[in-house]
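To find a chain, count down the sequence lines: A is the first, B the second, and so on, and within it residues start at 1.
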Protein chains: 2
Amino acid sequence: MNRERVLEAAVTLADEIGIDALSMRRLAQEVGVVPMALYKHVADKEDLLDGMVEVIIREIDPPVLDSCWRDAIRHRVLSARSALHHHRWARQAIESRSKPTPSVLEYQDSFAGIFLAGGFTPDLAHHVMHALGGRMWGFTQELFGGSGNPKGNAQPPASPDAQAEMFAHMARLYPNIVTIATATPHDDDSVVGRGCDDQYEFEFALDLLLDGFERLHRRRWTSER
Amino acid sequence: MNRERVLEAAVTLADEIGIDALSMRRLAQEVGVVPMALYKHVADKEDLLDGMVEVIIREIDPPVLDSCWRDAIRHRVLSARSALHHHRWARQAIESRSKPTPSVLEYQDSFAGIFLAGGFTPDLAHHVMHALGGRMWGFTQELFGGSGNPKGNAQPPASPDAQAEMFAHMARLYPNIVTIATATPHDDDSVVGRGCDDQYEFEFALDLLLDGFERLHRRRWTSER
DNA sequence: ACAAAAGGCATACGTCGTACACCTCATTCC
DNA sequence: GGAATGAGGTGTACGACGTATGCCTTTTGT
């Protein structure tokens, strides 16, 4: 029983019960050990979460170097996305860290490297990485995600007429949201605002940004401070 | 002593000690009351946080309707940004909510309204709101923000030579990050990845997106599903 | 005047992270 | 071979946390 086994168990347990329900005690029970035993392999819970993030990062494809920067970035981002998609709690975990671990820095460094190798000035590379923001990790800013928070509060489907009244109610209060939400089909039955980070939406935003980057890059944009 | 006073006290207390350190007990002590007394005005802690978010939203300027969509969006976003800037914990609080409250929906609805009034199709409006993501609230996805988490872990400035060695160490491990980070001055002494969401960076990304929206809008983009 | 509601209080339970002391081995060194 | 060492598992305990429950006091509506 070493650190790696603990982290692995933590990851699969978080997959099952969500990151909020993951406690040291629950994890200890899962690996068949007394809670305090975990502290021989992990400094504290923060360290545990750092380790879990590390595990996720290892699942992301390494950068491909033999293609143009745009393809390389796009591939890497979508690979990160698919890795995080298998661990719904990962987004929250990554964002909750207060200090970047070495593996996180390494990940970001590889991104910077792709831009620089593609001929971006450090200045522009800096700004575009900011603009990418969390999309670098494969997720849009999902407000009200419920990621890794699978509480049992999924209310029963409700009767059709109650549903209809609910819809009318929404349309009265938030006409624009309803207009927009009904314009495009969604994976789930949510409206804008609930975490509907569809693949299509994600790639839409990603490509919009990449287009912008390309344009700036071509016209030799500089921040002229 | 009503709900409003409780929320107000919670907001100012969170401003002081951060959102993580804000507990029901600590808040009760602050308003000079026993912990359980709070539950007469607030259903539970979730409800408290919802209420705090509501308070913040009220600080955001109402939408300006007599200008083009682009100015209206830009103004609203920057107003939200400045409101959230005064309450560093707000970002985390907003993102931690699992269900949108009415005031949050109203806020998002007003955004949708601006796009629709500007002639966007519901389809395009939908996608651009996704692309905006959290920037709608005035923040970039800040990884490792420490927002509202002002722990006392700010180590002393360290000696200049130790600092130099640290820098050399970083440059060896993460050459690209260091290249990029030193290309542009920052408010704080952080590198890319630590929450350096400068105003300039934010507006850079925002305008990049708005440019993209404008282009799509002009060429009558559709998702052609 | 009196019932009812609203609002504050005291106690208590279960959960959490983790400090601390102890124990039990396997390994290492003479 | 026997003692020292140290890594790894254990047991107990502490102080936080959110909050259920029940009681009491004060205000309010009739």
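Distance CG (B:Leu38) to C1' (D:dG18): 11 Å, rounded to an integer number of Å. The distance between atom CZ of B:Arg3 and atom C1' of C:dG7, rounded to the nearest whole Å, is 16 Å. The CG-P distance, from A:Asp47 to C:dG17, rounds to 14 Å in whole Å. Rounded to a whole Å, the CG atom of B:Asp20 is 14 Å from the C1' atom of D:dA16. Going from atom CZ of B:Arg5 over to atom P of C:dG8 covers 11 Å, rounded to whole Å. In this structure, A:Tyr39 places its OH atom 6 Å from P of C:dG17, rounding to the nearest Å. If you take CZ of A:Arg25 and C1' of C:dG14, they are 10 Å apart, rounded to a whole angstrom. Whole-Å rounding puts the A:Gln29 CD to C:dC16 P distance at 10 Å.
Side-chain proximity of A:Asp44 to the nucleotides C:dT18, C:dC9, D:dG9 is greatest for C:dT18. Comparing C:dG17, D:dC17, D:dG9 by their closest approach to the side chain of B:Ser23 singles out D:dC17. Among the nucleotides D:dG8, C:dC9, D:dG18, the one closest to the side chain of A:Lys40 is D:dG8. Nearest to the side chain of B:Val34, among D:dT19, C:dC9, C:dT18, sits C:dC9.
Checking the phosphate oxygens (OP1, OP2) of D:dG18, a side-chain nitrogen or oxygen of B:Lys45 falls inside 4.0 Å. Of the side-chain N and O atoms in B:His41, one or more sit less than 4.0 angstrom from OP1 or OP2 of C:dG8.
Between A:His127 and B:Phe204, the ring-plane angle classifies as tilted under the 30° and 60° cut-offs. Using the six-membered ring where Trp is involved, A:Phe111 and A:Tyr107 have ring planes that are perpendicular, over 60° apart on the 30 and 60° scheme.
More than 12 heavy-atom neighbours from other residues, nucleotides or ligands sit within 6.0 angstrom of CZ on B:Arg3.
Heavy-atom minimum distance, A:Ala125 versus B:Ile180: CB-CD1, 3.5 Å.
Between the side chains of A:His87 and A:Glu59, at least one donor N or O lies within less than 3.5 Å of an accepting N or O.
Within the 4.0 angstrom heavy-atom criterion, base atoms lie near A:Met36.
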